[in-house]
There are 2 protein chains.
Amino acid sequence: MRTAGFRNDIGGEQVECTHDLPYRIGDKWTAHVLRALQDGRRRFTQLRAEMPWVTPKVLAETLRAMERDGTVSREAFVENPPRVEYELTARGRKVLGLLDLCCDWARENLVET
Amino acid sequence: MRTAGFRNDIGGEQVECTHDLPYRIGDKWTAHVLRALQDGRRRFTQLRAEMPWVTPKVLAETLRAMERDGTVSREAFVENPPRVEYELTARGRKVLGLLDLCCDWARENLVET
DNA sequence: CCGCATCCTTTAGGATACTG
DNA sequence: CAGTATCCTAAAGGATGCGG
């Protein structure tokens, strides 16, 4: 989802665009993180516990991407042992709304084939 | 989007599932093909003309995947030169509906940041 | 004209081990 | 605890050329 050369007509305007969404959402773990954070802030280890299949490297990468996108906020506490908490931003909750929309669609269209 | 190990609660049931959609839609070209076919059947060359950036190999791969998914139908005419036409199936129009839903969401949520 | 064969590059994602 | 660092594999996608 990161390549150039397309035209898009969102908003009625035909604009040469990159075919990018401003949010990375189609990768393997972003949707799961959105879900995991929907009930409030979580720390790194909690997220790992809720997603035992993701390695720490990939989870960290996902969270950094989401932070860049502005969908999660990161708060690091200077303690020992360290503690870091993640939380959805308003923008993150909007994107979660899209995920919910897709789930609704799936419920209505995917059950019967 | 093709890995195992997840739980999904679509339809209220918690089922160990593969995290697959039955339709490949997050790849690079499927959405564009859906759009290109939304107004009726097109032949291979027409699709290429509407998407000058996709190579024939990748377009053919995409169409074959969509045919397997049951979202497009393919009709080959035994002529010379050969002619092949593609068309959305009812299922394909459903998936296009999801795409439209996402576009609506984008219009409402992505214009102002 | 349609699209397959071949080869190649890029990238996402995983395994494992290690630090402040 | 919360990540990095390194290395690795698989898969998507692109370039080019050929064939029915």
Side-chain angles (χ1 to χ4, degrees), chain A residues 1-6 18-21 23-34 36-37 41-69 71-87, chain B residues 1-6 18-21 23-34 36-37 41-69 71-87:
Chain A
M1 279 286 207
R2 301 264 172 186
T3 318
F6 289 95
T18 58
H19 190 232
D20 272 359
L21 276 175
Y23 315 114
R24 188 180 82 154
I25 191 177
D27 66 305
K28 190 167 179 183
W29 296 105
T30 295
H32 294 277
V33 173
L34 290 172
L37 290 176
R41 53 171 50 211
R42 296 280 185 275
R43 44 195 299 189
F44 193 81
T45 314
Q46 291 179 295
L47 292 175
R48 290 210 61 197
E50 294 187 38
M51 299 179 273
W53 304 280
V54 64
T55 62
K57 175 206 164 216
V58 174
L59 179 57
E61 282 171 0
T62 303
L63 287 166
R64 274 184 268 117
M66 295 177 76
E67 207 187 344
R68 275 199 305 277
D69 288 348
T71 52
V72 298
S73 63
R74 185 194 121 107
E75 189 175 6
F77 299 84
V78 272
E79 306 170 353
N80 205 306
R83 178 163 58 105
V84 179
E85 293 185 355
Y86 294 93
E87 190 176 18
Chain B
M1 279 285 207
R2 301 263 172 187
T3 318
F6 289 93
T18 59
H19 190 231
D20 273 359
L21 275 174
Y23 315 115
R24 188 180 81 155
I25 191 176
D27 66 305
K28 192 168 179 184
W29 296 105
T30 296
H32 295 278
V33 173
L34 290 173
L37 290 176
R41 53 169 52 210
R42 295 280 184 275
R43 46 193 299 191
F44 193 81
T45 314
Q46 291 179 295
L47 292 174
R48 291 211 60 196
E50 294 186 38
M51 299 180 272
W53 305 278
V54 65
T55 61
K57 175 206 165 220
V58 174
L59 179 57
E61 281 172 0
T62 304
L63 286 166
R64 272 184 270 117
M66 295 177 75
E67 206 188 345
R68 276 198 303 276
D69 288 347
T71 51
V72 299
S73 62
R74 176 186 189 270
E75 189 175 6
F77 299 85
V78 272
E79 305 170 354
N80 205 306
R83 177 165 58 106
V84 179
E85 293 185 355
Y86 295 92
E87 190 175 16

Trainee: Rounded to whole Å, please give me the gap between CG in N80(A) and C1' in dC1(D).
Mentor: 9 Å
Trainee: Quick check: any donor-acceptor pair below 3.5 Å linking the side-chain of K57(A) to the base of dG3(D)?
Mentor: no
Trainee: Atom NE2 of H32(A) to atom P of dG13(C): distance rounded to whole Å?
Mentor: 11 Å
Trainee: Mapping P82(A) and V54(A) onto DNA chain C by nearest heavy atom, which one lands closer to the 5' end?
Mentor: V54(A)
Trainee: If you check the F44(A) side chain, which of dG13(C), dC1(D), dA2(D) turns out closest?
Mentor: dA2(D)
Trainee: Among dG14(D), dG13(C), dT4(D), which nucleotide has an atom closest to any side-chain atom of V58(B)?
Mentor: dG14(D)
Trainee: Is there a side-chain contact between F44(A) and L63(A) in this structure, where contact means two heavy atoms from C-beta onward sitting under 4.5 Å apart?
Mentor: yes
Trainee: Side-chain contact test, heavy atoms from C-beta onward, threshold under 4.5 Å: evaluate it for T62(A) versus R24(A) and give yes or no.
Mentor: yes
Trainee: Rounding to an integer number of Å, can you tell me how far R48(A) CZ sits from dC1(D) C1'?
Mentor: 11 Å
Trainee: Between dC1(D) atom P and E85(A) atom CD, what is the distance in whole Å?
Mentor: 14 Å
Trainee: Remember a base hit wins even if backbone is also touched, and classify R64(A) as base, sugar-phosphate or nothing at under 4.0 Å, heavy atoms.
Mentor: sugar-phosphate
Trainee: Between R42(A) (CZ) and dA2(D) (P), how many Å, whole number?
Mentor: 14 Å
Trainee: Whole angstroms only, please: what is the CG-C1' distance between D27(B) and dT10(C)?
Mentor: 17 Å
Trainee: May I ask you to say what Y86(B) touches in the nucleic acid, namely base, sugar-phosphate or nothing, with a heavy-atom cut-off under 4.0 Å?
Mentor: sugar-phosphate
Trainee: Without decimals, in angstroms, what is the distance between L59(B) CG and dA12(D) C1'?
Mentor: 15 Å
Trainee: Within the structure, does a side-chain N or O atom of W29(B) lie under 4.0 Å from either OP1 or OP2 of dG14(D)?
Mentor: yes
Trainee: Once you round it to whole Å, what is the distance between P of dG3(C) and CD of E61(B)?
Mentor: 12 Å
Trainee: Select base, sugar-phosphate, or nothing to describe what R43(B) touches, counting heavy atoms under 4.0 Å on all strands.
Mentor: sugar-phosphate
Trainee: Do R43(B) and R83(B) have side-chain heavy atoms sitting under 4.5 Å apart?
Mentor: yes
Trainee: Taking side chain as C-beta onward, heavy atoms only, is L34(A) less than 4.5 Å from M66(A)?
Mentor: yes
Trainee: Please state whether the phosphate of dG3(D), meaning OP1 or OP2, lies under 4.0 angstrom from any side-chain nitrogen or oxygen of R74(A).
Mentor: yes
Trainee: Which atom pair, heavy atoms only, marks the closest approach of E50(B) to A36(B)?
Mentor: OE1-CB, 3.6 Å
